[in-house]
Structures are given as C-alpha cells and as structure tokens.
Amino acid sequence: MANPIALPLYEKIPRKNTLQRVFDILIFFLLLSLLIYRFLFLKNHGLTWFLAFLCESWFTFTWALVISTKWNPVDYKTHPDRLLLRVPELPSVDMFVTTADPVLEPPIITVNTVLSLLAIDYPAHKLACYVSDDGCSPITYYSLVEASKFAKLWVPFCKKYNIHVRAPFRYFSSNPQTFGGSSSDFQQEWKRMKDEYERLSHKIEDAVQKSVPSDFTGDFAEFSNIERKNHRAIIKVIWENKRSLLDGLPHLVYISREKRPKHPHHYKAGAMNVLARVSGLMTNAPYMLNVDCDMFVNNPKTALHAMCPLLGSKSENKIAFSQFPQVFYGGLKDDPYGNQMVVLFKHMGHGIAGLQGPFYSGTGCFHSRKVIYGLSPDDVDSVNEKTANNILSNFGSSKELIKSGANALKGKTDPPPNLSNSIQASYQVSGSSYEYGTGWGTKVGWKYGSTTEDVHTGLMIHKRGWRSALLSPNPPAFLGCAPSSGPAATTQQKRWATGLLEVLFSKSCPIFATLFGELQFRQCLAYLWVLMWGLRSIPELCYAALPAYCLITNSHFLPKVQEPTLYVLAAIFVIYNVYTLSEYLRSGQSVRAWWNNQRMSRINTMNPWLFGVLSVILKLLGISETVFEVTQKDESSDDASDAEAGRFTFNESPIFLPGTTILVVHLTALVVSLLKLQPPARDGHGSGLGEVFCSVYLVLCFWPFLKGLFGKGRHGIPSSTICKSTALAFLFVYFCRRATIG
C-alpha cells in the first residue's frame, strides 16, 4: 500500500475529447473554404459580398481561438484527506467579502455569505474574515454585528452535526433530515437555530425598512452624517478570537475605506487593495480568499481543496491561485438570460485550465499573498534582499505595512497579539490619498484601469510566469445568484465587455505579455478570445444587417441555390448547432436552455457588448471615463418555476435600442420581400431563400423583443425606445433605397 505522505495532493487529469476536436476542425475547414470562395469571386460581386467576407474572416479567426482554447481540457482532482497528513500545520487564510450598495446588494445576502465563511472546516484561529463595505452603510455594519452574535450559535451547530450547507437561508429552506439528522436532540437544536435565524432576519429587515439601525451613538457614532462618496475610513473589529481557540469563531472585521470626491477610488480593485493592506497589518495570512457578497460557501471543505494545489510540493513555486468556477443556486429554469454559464465553464473553462491555468474570475479564488505583492516564481523559494526591497518600495509610507510585507515575502507570519493594536496603522493605509506615489494598482495588488479588475489582475500574474488551478469539487465550492432580469443581465454584460476591452487596449494587452513577459502563447490566445468579446459586436451587427439590406434592395450576399458553396454554409450552420446542442445535453441542460443561450448570444453581442465598445471608444478619446455598475443581487430564486420569472424584462435604458432596431428592420425587410416591393435585381440575381432564412432566424433570436413590442409594464419595451428604433429603422430603409437608386 502506498505511503499516504508520498501521494500527490492533487492530480491533473486530461479529458478525452477526440470527437470535439474532429467537429471543431471540420467547422474550421468549412469556414476556410467559404473564405476562399468569397475571395476568389470578390471582383464579381459588390459591397455586400465584401462585407460578408470581412465578417466571416472575423468569425473564422474567433473560431481558431476557440479551438486552441478547448484543445487540451483537464480536470483537477484534489485530495484534502492527504493534506492533513502531509502538512504539519495548515497556513492561515484571510477571507475577503466585498459589497458596494445596500440596496442592490441587500445586507441579508452579505450576512449569509459571512456566516458560511465563518463556519468552514478549517481551524478557526487560522481564519479572519474582512468585509469591505463601499456603501459605508450603518445597516450593513449593524447586520454584521447581529450576525456575529448568531454565529456563536450557528458555527458550533454546523460543526457538531457536520452540516454541509452553511448559509442559513439556504439550509433552512430545506427539510432538516436532508442536511443533518433525525435524532430528537438534532431536531430540537435545528428548530432553535431556525428560530434564531428568523429573529436575525427580522432585525435586519426592520433596520432596512427604517433606513437606520439605531441612534447614531456608541459604535454607530462614526456613521452619523455620512455621505457615501465623501467620508473618512471606518474600521471596526466586530469579533476577535483573542484566545486563538481552535474551535472558536474566526476574527470578523468591518472596513469602509475613506472616499473623497477628488480622489479616484478604483471601484472593486481599490477595495481589494485596502483589504490586502489592512489584513496585512492585522493577521498577515499567507493566503487570501475573495468572494462577492452573494457567493456563499456550499462545500465546507473548500479551503482544504484550495490548499492542495497551492501546497503541493512540486507546485508550490508554480501555482499562484486556486480558482473555483461560478455556480448558481435557484437559477431560472432553462437559463432564459443565458448567464448561468454551465457549458461555458465545462468546456472553455476546463480547456483554459489545460494551458497556463484558468482566468481569475473575481470571486471564489484563493490567492497567495506573495504573488499579489508582486513576487515571481523564480524568487518564491528564497527572496533576496534586493527583490524584497524592490517590492516593498511600492508599499507606501506605512512602516508597519512595510514590515508586514517583508514578513509575508519571507513566509513569516508575525501579526500583533491583538487586532486593536493595528487599528491606527489600518486607518492610515485605508486613506484615500495613501496610494499616491506608491505602486498599488500598478505593480502591487489588484490592478487598476479596468472595470474587470479580476481578469486584468490574473493576466498580470500569468505574465510573470505563474500558473493557476481550476477546482470543481462535488458539491460545488461556492454558490451565487445570477441576474434574473433583462436590465440586470445586460448591465453585467456591458460591464464585462467594457472592462475586457479596457485591458485589450492597454499596456497589459496579452500580446505584449507574451512578447515581453512569461505568458504562454496559447494562454495569450485564450485571453484574446475573452478580451475581444466586445469587438464581436461590430462584425455581428454588420452581418445581421446584410440579410435585411439584401431583401430591401433585392441583392444577395449568399451563394445562390445552384452554387455548391451554399451547401458549405448550410453545413456550417447545421454542424455547429447540432454540436453545441450535444454539449448542452451532455452537460445536463435542456434543449430550451441551449436555444436560450444561442438567442442570448445574439442579444448580448448586439446590445450590451456594443455599448461596451462605445464606452471604451469614449474613454480612449478622453471624452468620458468608464463607470463600474453594480449588478442587482437577489437572495433567492425559488420562484424559478413561475412563468413570469423567465419572461424578458426591459427598462428605459438605451441598451435595448440596438436590438429593437434590428428587430424592426428585419420585420420591415420581410414585409418588403413578402409583398414584392423590391426593385428589380441588377444582375438578375436578387435576394433568395438564404436571405429570407437569415432574416427569419434573427427575428426568432430577438423573439423576446418582439413580445416586448406588445408587452406592458416591465415586460414591454418602453414607447420611447420603440419610437427611436422605428426612426432608425426608417433611416436604414431610406439608405437602402438611396443605395439602390445610386
């Protein structure tokens, strides 16, 4: 029998994907043959043919990136049971929770995430939980104070009965026998815990309704006359495990960094850097976990799973972070907004894991503090004085922070005996002007300059030669909530597209990271695939306009029925859709979920992603800066089976204008074709069934918008948007007619 100490802490297992490769290559060669045909006959056709050639060239390039990314998928299998035998003492972990708006991110959601973190299976004296509140809300602070009282009952209960789901709202929504036991003692304690949690929920709900939790006295005095974007730093040690009890309650610290109108605060990246500095002064754990306020721990052994690749003897100087995929609870049936990303993570995510490692996705990630501070793989074993001084020179003026940073780089943890001893220094490093003249956000910590600070930071880590690991334990490590409305889903997509393009058009571009850094070539291609999401809106919008233009002008951009090349296009369409459908079915998804995701791909590309492109163009021209928009969070979607829950919703945002315009244009084009209102074809080859099919397909993709034209309330497109879209559609038709006359 093998010695358990000699066995690996994790295994990297390649997936078999021969069939996937065959289909991917087949589609690629079909696309190439189409491009060759287009190129050979460019002189014989007009502008529409040339535009189709350009768009299809982009689609072929994008498909090449997809093939490279998916080519070598791997699975990581971790062995946390071996970890306890291998490692004499588990390292400390600082856990970060970020929230920014008590309205869009209700405090009860943050409380549940914090409670699930405090109750994980890990020595309590090795944990500290820091909550960053960028909304500077007394209600959030009050909720955390009340939650800490409940945690003194909840954490022992979870560990005594080995409760698997440790977010109370999720646990108590199920039958007690499902997650605990049936003994009379357990039943009594379960009922007591449920009653206590309901009291906690009512207290928080009452505070939210009153807008203030209590009089601004005592602990709440610092919140009096607070302006959300103009206030001094507030740091509160809510609970301290002073006796370092193994089975006690981990530290819990509330932080609201200083904000002033004339000082940039860099959104979430700025909050993360304040958390890194304050935690460095207080506990200085060698590893840091960050989660969004809605991502609760679903697997109590999550930290042990994460430590397996981070502490594996052969990989300690290679793997910078352990990333868990985003998985969502109570999602709407059949994923009507296409944002649950089940298939995306399963195929593209595991493909990227087979390269240099997964992207950092901003939540559910365990980082090494050394790496966040800027250390390279070559220096991790023995940090020389020159390297340490170069890094620490970026830390700023706080001597205490520099000292803690030096200890972190050397692998030493020597935090103060009491957290309160670090409060004064913590206020200094939380100041709005502290980062001036330092390397925070550029050379140290989370990176600035993009609303997707996660991908940006992960890219810079990979640039230094580090690798990362994608872990998918069963049950999933974390569960969160996906946006469940049209405005929330499109806002999230716009923010992603904007932030990704900001990285692409910056000095951090992955091409530069490969040429002048240690980013591997295929990892660079994977980054290009995701960073260019927003750019896809331009060729897709152009390609979507071609069928309508051809129907109105009686021209064509597709090969005619008698031309063999038409069968190439048909083959691409059929093979691609059949293969993607098989991916969804093999992932346990329904046919309806597949269609919803195909449909939302078109909607996202031509609506929020297009606005992301416009935002970045305005930023590059110096006209305006991009803005981080917080996504609405919902505690639960237990009504996912309700028919209303899956209906597309709209608001007054201009983000729905392009989609409505496209729909009106294609409806007009189909009417023109049906009523034979087209002008005579110039060369005798007018529009045909191919153009009609494409137009009908796009109308089907924008079916929620078609229903929205006749819907009411939040399920209807606002009349102002319809009027603007109709005017734009009229201009398009007028342009088509002018082009025909010309």
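Basis for what follows: all heavy atoms, side chains included, without hydrogens, waters or symmetry-related copies.
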Note to self: Less than 6.0 angstrom separating the ring centers of F395 and Y373, yes or no?
What the structure shows: yes
Notebook entry, point to check: Ignoring hydrogens and geometry, is there a side-chain-to-backbone donor-acceptor pair from N299 to P475 under 3.5 Å?
Noted result: yes
Margin query: Ring-plane angle category for F150 and W154, please: parallel below 30°, perpendicular beyond 60°, tilted otherwise.
Written below: parallel
Next item on the list: Would you confirm whether D94, through its side chain, and A285, through its main-chain N or O, come within 3.5 Å as a donor-acceptor pair?
Entry: yes
Checklist line | F359: partners by ring pair (Phe, Tyr, Trp, His ring centres under 6.0 Å), with sequence neighbours left out | finding: Y527
Note to self: Looking at A100, is its backbone amide N or carbonyl O close enough to the side chain of E105 to form a donor-acceptor pair, meaning the two atoms are under 3.5 Å apart?
What the structure shows: yes
Margin query: Can you tell whether the side chains of R257 and D134 come within less than 4.0 Å, N to carboxylate O?
Written below: yes
Margin query: Measuring from atom CG of L375 to atom OG of S368, what distance do you get when rounded to the nearest 0.5 angstrom?
Written below: 8.0 Å
Next item on the list: Would you tell me whether R232 and S430 have side-chain atoms, one donor and one acceptor, within less than 3.5 Å of each other?
Entry: no
Next item on the list: Verify whether one side chain among H251 and T283 offers a donor that lies under 3.5 Å from an acceptor in the other.
Entry: no
Check: If you round to the nearest 0.5 Å, how far is OG1 of T98 from NZ of K268?
Finding: 4.5 Å
Checklist line | Pairing of K403 and E400 as salt bridge, 4.0 angstrom limit | finding: no
Next item on the list: Using a strict cut-off of less than 4.0 Å between a Lys/Arg side-chain nitrogen and an Asp/Glu carboxylate oxygen, indicate whether K447 and D454 qualify as a salt bridge.
Entry: no
Check: Salt-bridged, R260 to E227, with N to O below 4.0 Å?
Finding: no
Notebook entry, point to check: Are any of the side-chain heavy atoms of L311 and P91 separated by less than 4.5 Å?
Noted result: yes
Notebook entry, point to check: What distance separates L392 CG from E385 CD, expressed to the nearest 0.5 Å?
Noted result: 10.5 Å
Checklist line | Residue K259 excluded, over 12 heavy atoms near NZ under 6.0 Å | finding: yes
Next item on the list: Say whether S361 and Q323, considering side chains only, have a donor N or O and an acceptor N or O under 3.5 Å apart.
Entry: yes
Checklist line | Y141 and F220 aromatic ring geometry - parallel, tilted or perpendicular at 30°/60° bounds | finding: perpendicular
Notebook entry, point to check: Under 3.5 Å, side chain of T78 to main-chain N/O of P80, donor-acceptor pair present?
Noted result: no
Check: Under 3.5 Å, side chain of Y448 to main-chain N/O of E453, donor-acceptor pair present?
Finding: no
Margin query: Does K443 have more than 12 heavy atoms from other residues, nucleotides or ligands lying within 6.0 Å of its NZ?
Written below: no
Check: Side chains of H462 and E518: is there a donor and an acceptor less than 3.5 Å apart?
Finding: no
Check: Are the side chain of D133 and the backbone N or O of S137 linked by a donor-acceptor pair below 3.5 Å?
Finding: yes
Next item on the list: Indicate yes or no for a side-chain donor-acceptor contact from D294 to the backbone of I109 under 3.5 Å, with no hydrogens or angles considered.
Entry: no
Check: Do N418 and E240 come within less than 4.5 Å of each other through their side chains, counting heavy atoms only?
Finding: yes
Check: Between S398 and L401, is there a donor-acceptor pair closer than 3.5 Å when you use the side chain of the first and the backbone of the second?
Finding: yes
Next item on the list: Apply ring pair (Phe, Tyr, Trp, His ring centres under 6.0 Å) to Y427 and list each qualifying residue two or more places apart in sequence or on a separate chain.
Entry: none
Note to self: Check for me whether the distance between the ring centres of H266 and W440 falls short of 6.0 Å.
What the structure shows: no
Check: Do the ring centers of H350 and Y76 come within less than 6.0 Å of each other?
Finding: no
Margin query: Before we go on, tell me: are the rings of H456 and Y360 under 6.0 Å apart, centre to centre?
Written below: no
Notebook entry, point to check: Aromatic ring centroids of F366 and Y287 under 6.0 Å?
Noted result: no
Next item on the list: Would you please say whether a donor-acceptor pair under 3.5 Å links the side chains of T387 and N384?
Entry: yes
Item checked: Side chain proximity check, K152 to L249, heavy atoms < 4.5 angstrom -> yes
Check: Are a donor atom and an acceptor atom from the side chains of N298 and R166 found within less than 3.5 Å of each other?
Finding: no
Notebook entry, point to check: For V297, does its backbone N or O pair with a side-chain atom of S116 as donor and acceptor, under 3.5 Å?
Noted result: yes
Item checked: Ring center gap for Y436 and H263 short of 6.0 angstrom -> yes
